[in-house]
Each structure stands twice: as C-alpha cells, then as structure tokens.
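Protein chains get the first letters and strands the later ones, always in sequence-line order, with residue 1 at the start of each.
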Amino acid sequence: MNINIKFPDNSVHQFPRNTTPLQIAENISSGLARDVITASVNGKLVDVNYPIQEDARIELFKFDSLPGKEIYWHSTAHLMAQAVKDLFPEVQVTIGPAIENGFYYDFDKDVPFTDEDLEKIETRMKELARENLEYKRREVSREEAIEIFRKMKENYKIEILEEIPPGEKISIYSQGNFTDLCRGPHIIHTGKIKAIKLLKISGAYWRGDARNKMLQRIYGISFPTSKELNQYLVDLEEAKKRDHRKIGKDLDLYSISDDIGAGLVLWHPNGAMIRNVVERYWIDKHLEADYKIVYTPHIGKSELWDTSGHLGFYRESMYSPMLVDEQEYYVKPMNCPFHIAIYQSQKRSYKELPLKYAEMGTVYRYEHSGALHGLMRVRGFTVDDAHIICTPEQLYDEVEKTLVFSLDMLRDFGFRDFKIYLATMPEKAVGERQNWDQATESLREALHKNKIAYEMDEGGGAFYGPKIDIKVKDSLNRLWQCSTIQFDFNLPQRFNMEYIAPDNQPHRPFMVHRALLGSVERFFGTLIEYHSGNFPLWLCPIQVQILPISENYEDYARSVYAEIRQHGIRAEIDLKSEKIGYKIREAEVRKIPYMFIVGQKEKEEGTVSVRRHTAGDLGSFLLQDIVKRLKEEILTKK
RNA sequence: GCCGACAUGGCUCAACGGUAGAGCACUCGACUUGUAAUCGAGCGGUUGUGGGUUCGAUUCCUACUGUCGGCACCA
C-alpha cells in the first residue's frame, strides 16, 4: 500500500505506508538524511522516525530553520539534564525548553551549581553525545506516567502530570538511562549534537512565580559544527562591545555614581548634548502635531495620589512621603495627575478637544535593586509624556495618529526593527472588565487599520488601562519598552473630568496616556547600542574635530572653527603637541564623525582635508562645500 | 527583592597571608609633526565600607553597599 506525500513545492511522490521522514530524506539525498532534524507532517512537528500512515503534506527541517533549531536545542536540553542526573543523582529535573538562542533547563538542587560543575556537565554531555544515544519516544497513560516519575522521585514532573486531564495520552522520551516527560519531537540521537557550550547559571522561580521555590537554571547553546559555535561566541563578544554601559563610559556620555545612589543618572556634557538635541527635536515635532507643552512639579499631596489610585495600585513603586507643613507629599512616579489638574483648571468645551498636554516629565520610581541596569532600568527618569484628552468619538483617530507619530519619530532616530505588543488587563487593575475589553478592542483596531503586526501581551496592561507597547532590542537581544500608548478610562472618572458637549451637558472625556521615547534615559541607552556609539551626525555632541598638523596652523584652525560654528556645526580643535596620526587616532576612538585636517596646503588654498570616522580620507574640500554637505547630512538626519 | 559571581589609582588589568605593579589617561620637558599611538620624566591607590580571624589581611571569614548575569517586577 502506498501513500501520497506532498512536498512544499507541491510535487507529490508515492511512498510505502509507514515510511518515515528520515527515509524520505534519504530518498532525496544522503546529505539531507544526515542533516534533517525534524519534519512536519500535515503541519505537526514529528520525530524523523515517525511512521507516516496516510497521505500527507511533509516538510523537512534542517538546523538552519526555526523548527530545526528549536528541536535541536530542546534535545540538547534533555542531554544536559541527562548529564546533570548522571553527575548529581539527587537533583530533581523540572522543565527545559529551547529559547531564541539556545536552551535552558531548571533543576531543583539544594547547593547551587558552580562554574566547575558547569564544566563537568559540559564534558559529560560531550561524552554522552558521542555515544549516539537514540531519543526513544513512548506513549503511556497519564497514570502510568505518574507511576514512572514517582519511582524516579521526580516530583515536579508529577506536579505537571497532575494538571493534565486523566486519560490523556502522555509521551515520554528516553535516551540512554535518562527519561523525561516531553511532548517532543526530538532529534534522532545525541550524536547529532557536535558543539556544546554551557553559558551561565542563574536562579529562576519554579513556574516563573516569585512565591515558588527558586531553582537552578543552566543556559547553554549547541550547534552541528564547532565552527558555528565559535562564530556564535565571537558574535556574542562583538555584541558586548556595543553595550551602552561600556560606550557610555568610553565616550564620556553619562555615569551612575555609588555616592549619589543606584539608578540615578548623571548626564555628562556629551550625553547631555545629545539629549538636548533629542529634546529640541521632540518639542518641535510635538508642537507641529498640536500638542501643548507643559511643565509640572515633582511632588504632590498624598490626597492627589489617593484620588488617582496610585497609592492603592502603585504604592510599591513609590518612595516614602515627605512632610511639608504637616501634609504628606509624594515624589511623582507619573505625570498624569498634574496634566489632569491643568485640564481641570477651567471649564472645558468639546470645541477644545482633543487637548494634548506634553511634557518631558521627570519621575521617580522604586525599582528592585536587582532590576537596575545601566540606563535601561533606573530609579529616576524623564518620561516624554503626554495625555490626550478627547471625546469618545475622537478616540480611534487619536490612537491611530499617536501610533503613526510614534513610528515616525523612532524612524527619524534610525530605528527600523521594533516589536509591537497589545497588552491586556493585569491581575491588579481598576475598572470593569467590560470597559477593559472595549478599550482593548479600540487599540486592536488601530493596529489592524494600519496593518501593523503585533503580538499579544496577556495581562501586561497598566493598572488603569490596556496599552500598545513598542519595544526595541539591545545589543544582547533583550527587549526594552520604548513607546507606549495606554488607554485610560480610570483617571477621568476618578478626577471627575468633564467637558461641555453640544447638548450643553457635562460629559466624561476619554484619555490616552502615551510616551514615545519611553524614558529619555532608556531611549538614550537603546540609541547608543543601536548605533554602537556611531551616532548620526545630527545627534553627535562633537560633529567635527579640527586637527592642525602642527602648532603653526593654530590660527587657520581657529578661523575654520569660527566659520563652521557660525553654521551651527559643533566642533573642537585639537591643539595637542602631537603628530597628526595620534590626533586622528584619538578622534577615531572618540567616534567623532568628521575630522578636518589643516596644514600648510589647506591654509594656502582655504580648504580642509576631510576624514570620515571609520571610512577614512575623503580628500580635500573647500570649506564652504564641506559645510554645505554637513548641513545637508544634519538636516536629513542620515 | 531572589539565586550566583564579582569589587585593586580616572580607565583596562596584574600580584598576594608579610602593608601593591603595568599600560593608557593626567602634569612637565624635548620634538613641530600629513591620515589610527614620538621620546623622557613626574603625579596618582590607607585594594568598595564596617566588623572578625591572625604576630601580620588587599589576600581568609562575615555583614552591608554597589556592579554583572539571570529570575521576578517594569518606562
């Protein structure tokens, strides 16, 4: 009996019943048979020795595919668990999935793993890999499975099994003497795993819940060849060089001082210059988009935060109150109540709406010490905040406008890759479920209408409303929230906000709370990493370094400096008594985009010799020509 | 906050139970320089902070603070 197998190119071939994906691969080429990791049969991933019973669509995956990598790394996680159980029989295994880059496995072990343990485990894994142990699948009933893991004293597995409905078929996989509860599929045998590196150990809560026991997590990665592993490790080293904390120090952009306090940022002149350019641009863009710029205080009375709900829902992120004339005041963790107070300062008409108040508002939030991270997670930061107060009819439009505005602005800073999320109602939230659903729908519609791809972030909303988040990746692939557009049906009600509608009656406005850069600190951090410190010209604190060949050309250098300063170009002269090579090197290390080298020839001709950072010598230019070129580059933000 | 690692001049790093050393930076001097480091001299640290062990601690123990990698939490 034959069955019809349909390939991704829609060609159909006949194979005997019970043919496996591996046999199909062998039929195509021995190379493919060697490299195939997993296959999908009618869209479902299976082991390569899975006997195909009936006509099916099939796709074979090698390591170069997403499913291939996932299965490969997942199988490596099992191999690691096997090695760990070999070396530390008392350890209980829990779960061990593949992740974006590699895999991890969480173990319950009383004494944490050491770096030496990691080496031993890695060595044992390599030994087990060489044994070509087959990953054997077995299907059992839930009850049988519980019995198996009870004998093995694997309590976490039993806990998982007990949550599966009785009667369900359970698959377990064994390689060598190691058995694990697993949905699969897996690679054919451990010998496929050629290059292994265990990367780090850390604590992780069982089931990701801080109320549970902390387990020991080991992260690792593996590849079919050691060449790929080495490349990965080289890339990782390269990525670390882009770290904003390193570049921030090297380029003297900012610092965080222990003497002042953790998570509190000092913006040095170079960083502050960039921030200033960003803020000026930001204000211009907001004025163009009909926002009103406002400024508000840093502290407010406790009643204010009571009314807003912050003391009820956000207290753990707020600092202790201070006493002013026997009144409690809190340092602000958000700007919203102040913007609302501005709105409330007058009776509002529907004719004024939408009203959009924008502010670079500096807020302070208590962040757990372990969460602090360079500029990305700090305790005092400036939100590029705005609150859009509008009629219910205007809501969709405003959300949509904000979304487009946000993406527009991020692109001006050179960002191209972002991930967008729609975050829904969290556990701790104010307001009715029904309102939440309705608001979430309106955000979803804005995304759909603009054909923006997004993912769901269930339970990730603010306590006062659902939101759209735009996140960007740092050099090590960690995601950081940048823009956020949050619907807020809570505050208008709490503050009893009103506007007079055409019916001459008070109505409740809607409110959208949004930040586009997120926080200036975090935004700056991602900006540094995105550009590796090679900022686009318009943002560079020093755009041109003027390098006289010797002290004899100081006068000419000064005249060049005066000239380009007149055109608003930020420049500096290097008057050190050093050779030109030294000065060039220094400018290159400081990542200054343009170097103007001036000597006898330039002085006579009224030119400058131009060198571009990383690109090298561009040749000689008349001063006016190069100024024009630079101004163009600044204007286009390239 | 939790798990683990770490903390030495401004920076990057070395040393070690017997009170610390290099390079860069900085200062001074010489050189007057043509596209990624000229030479020489000098300055600079009570080894994160407190306690303990010891004849002696920067080294060992401990608490705290901070940093790093995760987890949890979040702009």
Side-chain angles (χ1 to χ4, degrees), chain A residues 104 106 109 111-115 118 199-219 240 243 245-246 249-250 252 255-259 261-263 314 316-317 333-334 361 363 365-379 381-385 423 426 460 462 467 469-471 476 478 480-484 486 514-523 525-526 547-554 576-589 595-602 609-614 616-619:
Chain A
Y104 67 78
D106 287 348
K109 183 173 184 290
V111 183
F113 291 109
T114 63
D115 288 340
L118 219 58
L199 295 165
K200 52 199 174 194
I201 317 164
S202 78
Y205 299 108
W206 167 235
R207 302 205 144 169
D209 190 328
R211 287 167 295 195
N212 290 341
K213 185 170 184 187
M214 181 153 271
L215 307 169
Q216 298 299 315
R217 173 173 298 181
I218 303 178
Y219 286 90
K240 282 182 189 158
D243 192 313
R245 291 165 299 186
K246 176 174 165 42
K249 194 180 279 174
D250 289 348
D252 194 18
S255 64
I256 293 170
S257 161
D258 197 1
D259 298 334
Y314 206 73
E316 58 205 46
S317 294
M334 292 189 194
V363 299
R365 298 184 190 171
Y366 171 72
E367 297 289 344
H368 288 302
S369 57
L372 300 175
H373 183 97
L375 290 175
M376 303 300 203
R377 235 359 227 291
V378 293
R379 285 179 172 161
F381 55 98
T382 300
V383 184
D384 71 312
D385 217 349
K467 55 180 185 165
D469 287 337
I470 303 178
K471 301 187 185 191
L476 291 176
R478 295 173 290 212
W480 297 98
Q481 181 168 312
C482 189
S483 308
T484 182
Q486 315 182 334
R514 45 109 287 186
L516 306 188
L517 310 179
S519 87
V520 188
E521 285 74 8
R522 176 179 292 178
F523 182 75
T526 57
L547 310 175
I549 294 285
S550 83
E551 283 161 20
N552 299 331
Y553 310 104
E554 186 179 328
K576 275 197 203 68
S577 175
E578 291 286 353
K579 299 209 289 193
I580 196 65
Y582 180 93
K583 296 185 189 184
I584 286 169
R585 182 186 148 75
E586 197 162 65
E588 289 283 354
V589 168
M595 286 151 268
F596 287 1
I597 296 155
V598 293
Q600 186 61 35
K601 183 167 150 283
E602 288 76 16
S609 176
V610 178
R611 186 186 161 99
R612 173 87 226 215
H613 172 55
T614 69
D617 195 356
L618 299 187

For nucleotides 6-13 of chain B, list the nitrogen or oxygen atoms of the protein found under 3.5 Å from its nitrogen or oxygen atoms, one pair per line.
residue	atom	partner	partner atom	Å
U12(B)	OP1	K249(A)	NZ	3.4

Distances under 3.5 Å between protein N/O atoms and the N/O atoms of nucleotides 22-29 of chain B, please, pair by pair.
residue	atom	partner	partner atom	Å
A25(B)	OP1	Y582(A)	OH	2.7

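Atom NZ of K109(A) has more than 12 neighbouring heavy atoms from other residues, nucleotides or ligands inside a 6.0 Å radius.
Panel note: side chain R379(A), backbone E367(A); a donor-acceptor pair is recorded below 3.5 Å. Using a distance-only test at 3.5 Å, with no hydrogens or angles considered, a donor-acceptor pair links the side chain of S257(A) to the main chain of D259(A). Of the possible polar contacts, none joining the R217(A) side chain to the S202(A) backbone as a donor-acceptor pair under 3.5 Å is found.
Between G50(B) and A57(B), the two C1' atoms lie 15 Å apart (nearest whole Å). Comparing the C1' positions of U58(B) and U46(B) gives an interatomic distance of 10 Å, to the nearest angstrom. A distance of about 14 Å separates the P atoms of G42(B) and C24(B), rounded to the whole Å. Between U12(B) and G45(B), the two C1' atoms lie 15 Å apart (nearest whole Å). Taking atom P on both G70(B) and G29(B), the two are 49 Å apart, rounded to the nearest angstrom. The P atoms of C13(B) and G17(B) are separated by 22 Å, rounded to the nearest whole Å. Comparing the C1' positions of U67(B) and C11(B) gives a spacing of 16 Å, expressed to the nearest Å. Using C1' as the reference atom, C31(B) and U38(B) are 7 Å apart when rounded to the nearest Å.
Atom CD1 of I597(A) is separated from atom C1' of U33(B) by 13 Å (rounded to the nearest Å). As a whole-Å value, the separation of K579(A) NZ from C39(B) P is 8 Å. The distance between atom CD of E602(A) and atom C1' of U33(B), rounded to the nearest whole Å, is 14 Å. One atom, CD1 of I549(A), and another, P of U38(B), lie 14 Å apart when rounded to the nearest Å. Look at NZ on K601(A): it is 16 Å from P on U33(B), rounded to the nearest Å. Summarising the geometry, the separation between CZ on R585(A) and P on U33(B) is reported as 23 Å, rounded to the nearest angstrom. Nucleotide C3(B) holds its P atom 15 Å from the CG atom of N212(A), rounded to whole Å. For the pair K583(A) NZ and U33(B) C1', the computed distance is 8 Å after rounding to whole Å.
Taking CG from N552(A) and CD from Q600(A), the interatomic distance works out to 8.5 Å, rounded to the nearest 0.5 Å.
Across every strand in view, C68(B) sits in a pair with G4(B) that passes the Watson-Crick or G-U test at under 3.5 angstrom. Taking a pair to require two hydrogen-bonding distances under 3.5 Å in either a Watson-Crick or a G-U wobble arrangement, U53(B) remains unpaired. U38(B) is paired with A30(B) under the criterion used here, namely a Watson-Crick or G-U wobble arrangement in which both key atom distances are under 3.5 Å. For G17(B), there is no paired nucleotide, since no Watson-Crick or G-U wobble pair has both relevant distances below 3.5 Å.
Along RNA chain B, the nucleotide nearest to D258(A) and the one nearest to S369(A) differ in position, and the one closer to the 5' end is contacted by S369(A). In this structure, A262(A) and I584(A) both approach RNA chain B, and ranking their closest nucleotides by distance from the 5' end singles out I584(A).
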Base-contact (B) and sugar-phosphate-only (S) positions in nucleotides 69-75 of chain B, heavy-atom cut-off under 4.0 Å, - elsewhere | BBBBBBB

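A close approach under 4.0 Å does occur between a side-chain nitrogen or oxygen of Y366(A) and OP1 or OP2 of G1(B).
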Check against side-chain contact (heavy atoms from CB on, under 4.5 Å), Q481(A) and R522(A) | CA-CA 8 Å; Q481(A) 181 168 312; R522(A) 176 179 292 178; 3.6 Å; yes

Taking it one step at a time, do I597(A) and E602(A) satisfy side-chain contact (heavy atoms from CB on, under 4.5 Å)?
-> CA-CA 8 Å; I597(A) 296 155; E602(A) 288 76 16; 5.5 Å; no

Check against side-chain contact (heavy atoms from CB on, under 4.5 Å), M376(A) and R478(A) | CA-CA 11 Å; M376(A) 303 300 203; R478(A) 295 173 290 212; over 6 Å; no

Working for side-chain contact (heavy atoms from CB on, under 4.5 Å), residues D384(A) and R514(A) | CA-CA 8 Å; D384(A) 71 312; R514(A) 45 109 287 186; 4.1 Å; yes

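For the side chain to side chain donor-acceptor pair (under 3.5 Å) test, no residue two or more places apart in sequence or in another chain qualifies with D617(A). Applying the side chain to side chain donor-acceptor pair (under 3.5 Å) test to E551(A) and every residue at least two apart in sequence or in another chain returns nothing. Residues passing the side chain to side chain donor-acceptor pair (under 3.5 Å) test with D209(A) are R211(A), sequence neighbours excluded.
Nearest nucleotide to the E551(A) side chain, out of U33(B), G34(B), G66(B): U33(B). Each of G34(B), G4(B), U33(B) was ranked by its minimum atom distance to the side chain of Q600(A); first place goes to G34(B).
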